[in-house]
Amino acid sequence: MSTINYSEKIPNNVNLGEDRTLQRALEQWQPNFIQWWDDVGPDGSTNFDVYLRTAVSVDPNGWAQFDHVKMRDYRWGIFLNPGDAERKVHFGDHAGERAWQDVPGEHRANLRRIIVTQGDTEPASVEQQRHLGLTCPSQYDLRNLFQVNVEEGRHLWAMVYLLHKYFGRDGRDEADALLQRTSGDANNPRILGAFNEQTPDWLAFFMFTYFTDRDGKFQLSALAESAFDPLARTTKFMLTEEAHHMFVGESGVSRVVARTAQVMNELKTDDAAKIRAAGAIDLGTVQRYLNFHYSVTIDLFGADQSSNAATFYSSGLKGRYEEGKRGDDHVLKGQTYKVLEVQNGQLVEKDVPMLNALNEVLRDDFIKDSVAGVGRWNRVLEKAGIPTRLAVPHKAFNRQIGALAGIKMSPEGRVVSETEWAAKKNEWLPSADDFAFVASLMGRVVDPGKFAGWIAPPVMGINRQPVDFEYVRFG
Ligand code: BYC
């Protein structure tokens with residue numbers, strides 16, 4: 001079951017050939033997907049041969065094969081982690097019952113909504129990143145961008161398979177709509193806020209893959225607990241791909257910070273203007289990008305109190321991060337959780353029923369994980385003898401979703417007036433000037449082993465290849 005059949009038009013390990021109707025329906029969706037890739041996928045990349053990894057099996061060891069391929073010919077397919085016939089639902093009102101191999105009628109609408117929301121983010125991110133290849137800082141980075149892009153395409157396939165197989169005509173319509181919404185489109189935008197923002201430059205890309213792909217890690221982990229077994233198995237496999245995306249983000253920002261620290265030491269200055277004049281990105285700009293991507297990403301977890309979240313959990317559709325490792329009753333009735341609320345213009349903590357606060361529980365798990373990586377960036381500064389430190393802003397900073405959307409907050413967590421917000425906004429979030437400066441650095445470096453001046457080279461290459469390997473052949 002874990003071996004992937006590449007002889008079929010749609011590579012898969014779900015015996016697609018045995019279900020002709022489903023196979024035909026997906027084969028009809030496939031050219032629309034390719035059309036979408038051609039229209040809004042990576043700009044100007046059609047003839048490139050890219051050193052990509054492709055899944056060859058879903059076994060934890062050795063699922064990946066590396067080769068130069070054209071992205072259009074990437075073997076997008078449907079790969080589920082191996083099933084366990086004995087698997088039981090392990091949280092919520094159905095705990096102890098057999099995991100579902102089909103969709104129970106009463107949970108159909110909610111499951112469809114979750115799968116569509118998940119599926120919508122995948123093509124959105126490809127659309128957001130489509131112009132970045134034109135300004136890559138190196139071949140190594142270009143290859144990583146393209147790897148992320150093809151895997152997001154595959155994640156779309158993962159959700160489309162579930163929609164087609166388990167949701168009939170509605171599912172097919174939703175699968176079509178996933179190719180019709182467009183990131184940032186005024187009339188038909190993507191579903192969630194962060195996926196309609198722009199990713200205008202590589203600093204934004206690294207922040208996005210560090211923070212926003214980490215939302216992917218936490219949401220997919222919560223779905224990997226689902227009572228609906230096909231969803232759990234497909235998201236488990238997606239998580240193995242997601243790990244590389246977060247690596248691209250974490251190491252990317254780390255290399256930017258390393259280069260900036262080097263320039264600061266060479267010039268013996270922390271003056272942003274001088275650092276910029278030397279072609280590096282000053283730490284103030286890095287911090288403002290961080291503030292932006294962190295705040296729009298924590299919005300992705302939804303409202304702090306949500307009856308949807310309670311229903312999703314109690315009915316077994318979506319668990320918590322690492323549900324199986326938690327020591328409580330996995331039903332959570334009568335338990336409480338602390339959320340922040342605005343009262344008379346100030347933040348106060350309030351105990352609310354935990355079931356309703358599960359979006360906040362997941363957001364808090366995400367926050368802990370994000371902060372750890374920021375600490376690793378700070379160690380780069382520390383080692384270089386630079387006293388400045390990066391930090392995630394307060395949870396209520398720049399929020400648009402949930403109770404905290406009603407308050408203006410400084411990154412340090414001080415409630416501020418509208419007037420102060422307007423005056424300081426450009427110190428806290430990237431300004432037009434910051435974007436213009438970062439854009440001015442975005443050249444296009446494509447000689448093997450060469451890197452743009454604003455980013456340090458990586459410590460090692462991909463798949464034990466040297467850093468100056470020809471990761472992309474431009475055809
Ligand atoms: N922007 O009761 P609430 C990834 C809507 S990332 C705009 O809190 P709920 C990836 C919400 O839809 C992982 N709207 O909602 C990363 C609802 O609308 P309706 C993606 C928002 O259902 C990088 C209303 O506000 N996966 O994989 O509890 C690259 C009330 O909100 C936002 C998932 O998200 C927002 N930020 O929670 C590529 C998992 N937040 O119905 C890929 C599936 C909320 O009233 N999704 N709203 O019109 C879910 O589990 C839930 O839908 C959410 C929302 C957690 C997102």
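Each ligand, and each atom within it, is numbered from 1 in the order the structure gives. Counting from 1, the numbers follow the sequence of the chain as shown.
Short contacts between ligand 1 and Leu300, defined as distances under 4.0 Å to a heavy atom of the residue, involve ligand atoms 36 (N), 55 (C), 56 (C). Atoms of ligand 1 lying under 4.0 Å from at least one heavy atom of Phe301, given by number and element, are 55 (C). Taking every heavy atom of Thr212 and a limit of under 4.0 angstrom, the matching atoms of ligand 1 come to 16 (C), 23 (C). Near Thr117, meaning under 4.0 Å from any of its heavy atoms, are these atoms of ligand 1: 46 (N), 52 (O). Against a heavy-atom cut-off of under 4.0 Å, Thr121 is close to the following atoms of ligand 1: 4 (C), 10 (C), 20 (C), 27 (O), 38 (C), 42 (C). Interface of Ser125 with ligand 1, defined as ligand atoms under 4.0 Å from a residue heavy atom, comprises 29 (C), 38 (C). Listed by number with element, the atoms of ligand 1 under 4.0 Å from a non-hydrogen atom of Gly193 are 1 (N), 7 (C), 35 (C), 36 (N). Residue-ligand proximity, Glu122 to ligand 1, at heavy-atom distances under 4.0 Å covers atoms 27 (O), 38 (C), 42 (C).
The nearest non-hydrogen atom to atom 14 (N) of ligand 1, considering only Asn196, Ile191, Ile115, comes from Ile191. Within the set Glu151, Gln118, Arg113, the minimum heavy-atom distance to atom 26 (N) of ligand 1 is found for Gln118.
The existence of a salt bridge linking Asp93 and Lys333 is confirmed by a sub-4.0 Å separation between a basic side-chain nitrogen and an acidic carboxylate oxygen. Looking at Arg181 and Glu127, no side-chain N of the basic residue comes within less than 4.0 Å of a carboxylate O on the acidic one, giving no salt bridge. Between Asp213 and Lys217 there is no salt bridge, since no side-chain N of the basic residue sits under 4.0 Å from a carboxylate O of the acidic one. Ion pairing between a basic and an acidic side chain is recognised when a charged N comes within 4.0 Å of a carboxylate O; Lys395 and Asp304 show no such pairing. Ion pairing between a basic and an acidic side chain is recognised when a charged N comes within 4.0 Å of a carboxylate O; Arg326 and Asp365 show such pairing.
With hydrogens and angles left out, the side-chain atoms of Glu152 and His245 include a donor and acceptor closer than 3.5 Å. Tyr471 and Gln147 form no side-chain donor-acceptor contact under 3.5 Å, judged by distance and modelled atom types alone. For the residue pair Asp176 / Gln180, no side-chain donor-acceptor distance below 3.5 Å is found, with atom types taken as modelled. Defined by atom type and a distance below 3.5 Å, a donor-acceptor pair is present between the side-chain atoms of Gln101 and Asp229. Under 3.5 Å, the side chains of Glu323 and His90 contain no donor-acceptor pair of N or O atoms. A side-chain donor-acceptor contact under 3.5 Å links Asn463 and Tyr51.
Atom 8 (O) of ligand 1 has as its closest protein heavy atom Ala303 N, 2.5 Å. At the shortest separation from atom 15 (O) of ligand 1 among protein heavy atoms lies Asn308 ND2, 3.7 Å. The protein heavy atom nearest to atom 43 (C) of ligand 1 is Ile114 O, 3.8 Å. When only non-hydrogen protein atoms are considered, atom 35 (C) of ligand 1 lies nearest to Ile401 CD1, 3.6 Å. The nearest protein atom to atom 36 (N) of ligand 1, hydrogens excluded, is given as Asp299 O, 3.1 Å; this is a heavy-atom distance. Protein heavy atom closest to atom 54 (C) of ligand 1, with residue, atom name and distance, is Gly302 CA, 4.2 Å. In this structure, the protein non-hydrogen atom closest to atom 28 (O) of ligand 1 is Ser306 OG, 2.6 Å.
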Quiz item: Given Arg255 and Asp141, is the salt bridge (charged side-chain N to carboxylate O under 4.0 Å, His left out) satisfied, shown in steps?
Solution: CA-CA 11 Å; Arg255 289 162 51 214; Asp141 290 292; 2.9 Å; yes
Practice problem: Might you work through the side chain to side chain contact (heavy atoms under 4.5 Å, CB included) test for Phe218 and Asp369, ending with a clear yes or no? | Solution: CA-CA 10 Å; Phe218 280 84; Asp369 204 53; 3.5 Å; yes
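Checking only distances, Asp215 never comes within under 3.5 Å of ligand 1, N or O to N or O. At under 3.5 Å, a nitrogen or oxygen of Asn359, whether backbone or side chain, sits near a nitrogen or oxygen of ligand 1. Considering backbone and side-chain N/O atoms, Asp213 never comes within less than 3.5 Å of an N/O atom of ligand 1. Between Glu242 and ligand 1, no N or O atom pair is found at a separation short of 3.5 Å. In terms of polar-atom proximity, Leu220 is not counted as a contact of ligand 1, lacking any N or O under 3.5 Å from an N or O of the ligand.
Both tests hold for Arg214 against Tyr210: distance to the six-membered ring centre under 6.0 Å, angle to the ring axis within 45°.
Of the possible donor and acceptor atoms, none in the side chain of Thr182 sits under 3.5 Å from a partner among the backbone N and O of Asp185.
Within 4.0 Å of atom 24 (C) of ligand 1, not a single protein heavy atom is present. Protein heavy atoms all stay at least 4.0 Å away from atom 45 (O) of ligand 1. Per-atom contact check: atom 1 (N) of ligand 1 touches the protein, criterion being a heavy-atom distance below 4.0 Å. Within a 4.0 Å radius of atom 30 (C) of ligand 1, the protein contributes no heavy atom. For atom 41 (O) of ligand 1, a protein heavy-atom neighbour is present inside the 4.0 Å cut-off.
Neither the backbone nor the side chain of His155 has a heavy atom within less than 4.0 Å of ligand 1. Under 4.0 angstrom from ligand 1, the non-hydrogen atoms of Lys318 all belong to its side chain.
Summarising the local packing, CD of Gln335 is surrounded by more than 12 heavy atoms from other residues, nucleotides or ligands at distances under 6.0 Å. Within a 6.0 Å radius of NZ in Lys88, more than 12 heavy atoms belonging to other residues, nucleotides or ligands are found.
The closest approach between any non-hydrogen atom of Phe218 and ligand 1 is not below 4.0 Å.
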